[in-house]
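Chain letters run A, B, ... following the sequence lines, proteins first and then strands; every chain starts at 1. In this text, all values refer to a predicted model and were calculated from it rather than measured experimentally.
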Amino acid sequence: MLSTETLFLLYLSTGFTIGFGHCIGMCGPIVVSFSLNLKEKSILIPQLLYHLGRIGTYIILGGVVAAAGSLTIITANIDTIQKGVMIFTGALIMILGLALAGWVPLGRVFGDHSSPVGFISKGFGKLVRQQSTLVYLPMGLLLGLLPCGPVYTALLGAARAGMEAGSTHRGVLTGMGLMAAFGLGTVPALFLVAKLADMGWLKSRTIIYKIGAVLMIIVGFIFIIKAIRY
Amino acid sequence: MKHVIFTFTLAIAIAILLMIPGHISAADKYQEMINCDLHAGPCTQSLSETTVTLEVTPRPVKALQNLSFKVTLSGNQVISTKAPYIDLGMPGMNMGPNRVQLKSAGGNSYAGQGVIVKCPSGRRTWQATVTIPGAGQTEFIFDVIY
């Protein structure tokens, strides 16, 4: 059995390699969508808040599976929620795409002064009316529930480490810590992708945004199809 | 408004056109690699002069379910003090380290518990790499039910 310190390092490095090898393809569209919607605004704080929320959910899940000592008990119960989150994410990306191109009168959905019109935009308006990038935190918490193979694998290890920890309290803390390390490891890759999609430096962005918007609609649609088939 | 509807419809159409061939080719590519039907029963692979048999129960093999893995060695075995282990993953996709530690189950058999996770991409081809310390590795590529 590996020492706790070694396990933490292993989870951190696994998160890092998975980030570049897996998350970019699977979760990249989400962070890219956020980046594009922020337009010329800084992506740093929104992205960090999003990742904080996402890692927060991983930590909670890590604690729960470690306490339960099993991943399968938990996944059997959150399967439907995950499907719902995946559909929500697809719809969100599509709406962000429509808003980015100005085809839906939402303006910039997150962190900007929009004048919501219509029932959909009012719903989002309630979410964003705080005029704060803080909205990315609950968004990260929710999207942390997205079904993801490597997260499941990390949770399997967290459940195992929790069982071997000696006490429930220690097991829960270990599970939470391991998932925090895993989540932190995935941040650099996703942040890099978000930064690459940050077009704020471009002088003429209209065409880029229109292309980005169409791609977001496509990606959102793919997310929904995958969710239905999940 | 017409412009919006047109672009939206076009985007959906492109998405469908992009998805269908992608899914078919990806599915075909990995399904062609399958060398074992674990839903039907144990599978056997050769590792130099040793025969490695892998059995996963309960069958059919489903993701996110507690599974029992059993490895049986026969033939000219390499004497090793260490038990074999299984690494579960997907061909062509890094799913993170997922190792099933095996313990002696009497004779030349080793058993352990594990879980195959679920990939939202929809790909169902999984790989179990059985490592026999001192002898090498052999791969079982199989379908998993989601």
Quiz prompt | Neighbour count >12 (heavy atoms, 6.0 Å) for atom NZ, K70(B) | solution = no

Quiz item: Above 12 or not: heavy atoms from other molecules or residues under 6.0 Å from CZ of F20(A)?
Solution: yes

Self-check item: Identified side chain to side chain contact (heavy atoms under 4.5 Å, CB included) partner of L156(A) from the options I116(B), L88(B), V115(B), L64(B)
Solution: V115(B)

Exercise. Taking heavy atoms only and a threshold strictly under 4.5 Å, list by residue number the residues of residues 56-63 of chain B that touch chain A; give 'none' if the list is empty.
Key: none

Quiz prompt | Residues of residues 95-104 of chain B with any heavy atom under 4.5 Å of a heavy atom in chain A | solution = M95(B), G96(B), P97(B), N98(B), R99(B)

Quiz item: Does the side chain of P120(B) come within less than 4.5 Å of M86(A)'s, by heavy atoms?
Solution: yes

Quiz item: Looking at I73(A), T153(A), T17(A), which makes the most heavy-atom pairs under 4.5 Å with chain B?
Solution: T153(A)

Quiz item: Where do K226(A) and S121(B) come nearest, in terms of heavy atoms and distance?
Solution: CE-CA, 4.2 Å

